[in-house]
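In each ligand, atom 1 is the first atom listed, and ligand 1 is the first ligand listed. The model shown is predicted, which means the values in this text are computed figures rather than measured ones.
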Amino acid sequence: MSQVVIYCDFDGTITEKDNIIAIMKKFAPNGWETVKDQILSREVSIRKGVGELFSRVPSSLKEDIKRFALENLRIRKGFKEFVTFTRENNIPLYIVSGGIDFFVLPALEEFGPFDAIFCNGSDFSGENIHILWPHSCDSLCENDCGCCKPSVIRKLGHSDSLKIVIGDSVTDFEAAKQADFVLATDFLKEKCEQWEINHQGFETFYDCIDAIKNRIEVKEQTC
Ligand code: MG
Ligand code: ZN
């Protein structure tokens, strides 16, 4: 079988909603929505915007924020079965997330292990929260992504594989442009339509399993 490789987003994709937005709604002082809108309209970079959002929140709220994030996130239907499907078919599954380690890693623990999880880091040692960027853009990306999905994809190689990106929003735009096929929901789906990127919509991970099965079958027939 020709190899398929999957790069899957976390916030708003594996989870039903965006956890950074939920955390800001609950804990950030007024005015955070302006920064969110600037990120979505791409007036400010994701790295700058997300860093700015968390820099407004006191580190002393650490435990409250962690508890809130984990209690409130809902995993999208079919994710567990999706992970099993990729394992049974020896499909590498990388989680590439613009989210933050303190909620991404514990939320995924029961579903792992994964081939790898890439996300941003956090430092609660100062007065306010400081976000760390261990996977920032390589020399080929000028987007100031924060967690740079295209850079991660390049670093991982898999140049001969069929690259599938699964995502929902602004952190997935640059990765979607590099993909052979995109499974998209929400804002990413609108953008894929607008930019005429090869994609299919999804609501649950059962839809993703079906779509990938079809791709594998089509590829086998044409090889
Ligand atoms: Mg997302
Ligand atoms: Zn980048």
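Using the six-membered ring where Trp is involved, F173 and F187 have ring planes that are perpendicular, over 60° apart on the 30 and 60° scheme. The aromatic rings of H158 and Y7 sit perpendicular, their planes meeting at an angle over 60°, well past the 30° parallel limit.
At the Zn ion (ligand 2), the vertex angle linking SG of C141 with SG of C145 is 110° (nearest 10 degrees). Rounded to 10°, the angle formed at the Mg ion (ligand 1) by O of D11 and OD2 of D9 is 80°.
Checking D172 against the Mg ion (ligand 1), every N/O/S atom stays at or beyond the 2.8 Å cut-off. One of the N, O or S atoms belonging to D168 lies under 2.8 Å away from the Mg ion (ligand 1).
The two residues P58 and N128 make their nearest non-hydrogen contact at CA-OD1, 3.4 Å.
Counted by atom type alone, T13 and D168 present one or more donor-acceptor pairs between their side chains at under 3.5 Å.
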